Each structure stands twice: as structure tokens, then as C-alpha cells.
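First comes the structure, then the notes that go with it.
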Amino acid sequence: MEVVICADAQQQGRLAGEVVARLVGSRPDAVLGLATGSSPRPVYADLLARVRAGALDLGGVSTFSLDEYVGLPEGHPAGYRTEIREQLTDPAGIPVERVHTPPGDAEDLPAAAADYERRMERAGGVDVQLLGLGTDGHIAFNEPGSSLASRTRVKTLMRRTREDNARFFGGDVDAVPTHCLTQGLGTILQARHVVLLATGEHKARAAAELVEGAVSARWPATVLQWHPHVSVLLDEAAASRLELADYYRETWAAKPAWQGL
Ligand code: GLP
């Protein structure tokens, strides 16, 4: 696991954007794993700037999103499918038939979950997976207690997560669905490279557990310690509870520029 303590969200966006740009430069039909929420937005802004400057063509990629609320109608403004299309895939010119989101409005959710896994497998798996981090340590919507081997399935959201996300529902926690369809921790572990972004003091405990805590379903993100290629991009506030922060800073400062994440 590589930990980079960034000056700000813009630097996080640039570093993660560079990973995607390099990948797509050598593999125009790469498979991107996309996250929603505020954390990946600087990455999408960076990618769109590259696209607009003519330095990057995302038209050949496929995307798979991590999760979706259950029960929101197609096109709901707070739905993750709407969000990802607005934030990245539509402006980047990625054809909508290659933009995949777990179908939270499916009638048969277990069947839809199994089908989502099959679609990811048929696409050849995810090359780069972007991740945010919940204040309770969740990744995607894998709340505490999630099986470390879990696959795409329905989960119940914690009250804390619904409160955190109420800002996308006009501040009304009761408008936030109680359930979601989410990739599992075992699904996420299969991505070839994982890039996680977290900012703010409210993420500091979860970030410290992720990087330095014991692997445990209590803090689901800790499962990433089992992954061979993870880049954790934190701002100073999110890194404020790391015991070994100085070591991560020295390591990053001494890293040859050509190496990338
Ligand atoms: C949501 C999403 C996660 C996201 C997390 C953090 O619950 N399901 O994928 O990583 O919240 O969100 P944010 O980046 O807005 O803090």
C-alpha cells in the first residue's frame, strides 16, 4: 500500500488522473471502476480537462460503478447513475451502453447483482478502481460487518451513512434510501489497481484504520491491505491520525518521478 499525503484535493485529482491517463494511453479500451460522492470529483475534473485539451480520449473505455441506491427511479438526481453520467461519462464522450451501474431499480435484485458480476467478468475485469472512503470505514457501500469476501449484493445502509449523504437529498435524511446494491469487498479486490481518495478531518479515523489498523470487517476498507497494488491519496486533515505520516512523506519525496503510482 502506498500512502501519499497531498497538499490539497487538486493534487489528489492530478495524481489519480495521471494513473487513468497513462492506462488509457496504452489501452484505449481499458475498464475503469468509478466511484461517486465528493472525493473522486477532482479526478473527474482533471480527466475532463485532459479530454478538452485533446490530451486524452476516453471514448473507447468501459466503466463500472461501485454502487447504487435501491428504489430510486431511473434519472433521479441523487442516483449514482445520474451522478456519474453528469460528472464524467457524458462530458467525456463515453457511450452510454458502456457505462455500467448496479441496477438498484431491478425487480429481482439478487439476479441483477449476479448479472452485474458477470458483466464485469466478461469485460475482462477492472483495470483501475477509484474509491472514496466512508466515515465509518466503508468502501463502495460495504458497511461495517461486510464479509471480506463479499460479492455484489443488497446491503442496508447505516444511519451514519444516510446522514452523511443527506446533503445529496436536500438535507433530508428520511429521503435517503435505506438499502443499496453494491459491489462486494471481494469484487473490489479483483481490480488490478485501486486508487482511494479521502479528504477532511472526518475521514481521519477511517483512514488511520485503513492504513495502520488490523484487518477487520469493523473497518471494511482495511481489506485493501490484502491487495497488491493500492494507492491511498489523503489530504493533511485525513492523514492527521496516521502514526507513520513522516515515513510516508519521506518515501514519497524520495520516489523517482518516472515511477508513477
Ligand atoms: C458514499 C459512497 C461511497 C463513497 C463514500 C464517501 O456512501 N457509496 O462510494 O466513497 O460515500 O463519500 P464522499 O466522497 O462524498 O465523502
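Order of listing sets the numbers, starting from 1, for every ligand and every atom in it. All values reported here derive from a predicted model rather than from experimental measurement. For reference, positions follow the sequence shown, starting with 1.
For ligand 1, the protein residues within 4.0 angstrom (heavy atoms only) are T36, G37, S38, S39, D67, Y80, G132, L133, H138, A140, F141, T161, N165, R167, K203.
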Check residues 166-175 and write down every donor-acceptor pair under 3.5 Å in which the side-chain atom is one partner and the other belongs to a residue at least two apart or another chain.
unit_1	atom_1	unit_2	atom_2	d
R167	NH1	D164	O	2.5
R167	NH2	S38	OG	2.6
D172	OD1	D174	N	3.0

Please tabulate, for the side chains in residues 53-65, all donor-acceptor contacts under 3.5 angstrom to protein atoms that are two or more places apart in sequence or on a different chain.
unit_1	atom_1	unit_2	atom_2	d
D57	OD1	G59	N	2.8

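Using a 4.0 Å cut-off between charged side-chain N and carboxylate O, D127 and R192 make a salt bridge. The existence of a salt bridge linking D136 and R160 is excluded, since no basic side-chain nitrogen approaches an acidic carboxylate oxygen closer than 4.0 Å.
Legend: residues meeting ring pair (Phe, Tyr, Trp, His ring centres under 6.0 Å) with Y248, ordered by chain and number and at least two apart, are absent.
The one candidate from Q129, R151, Q183 that meets the side chain to side chain donor-acceptor pair (under 3.5 Å) condition with Q190 is R151.
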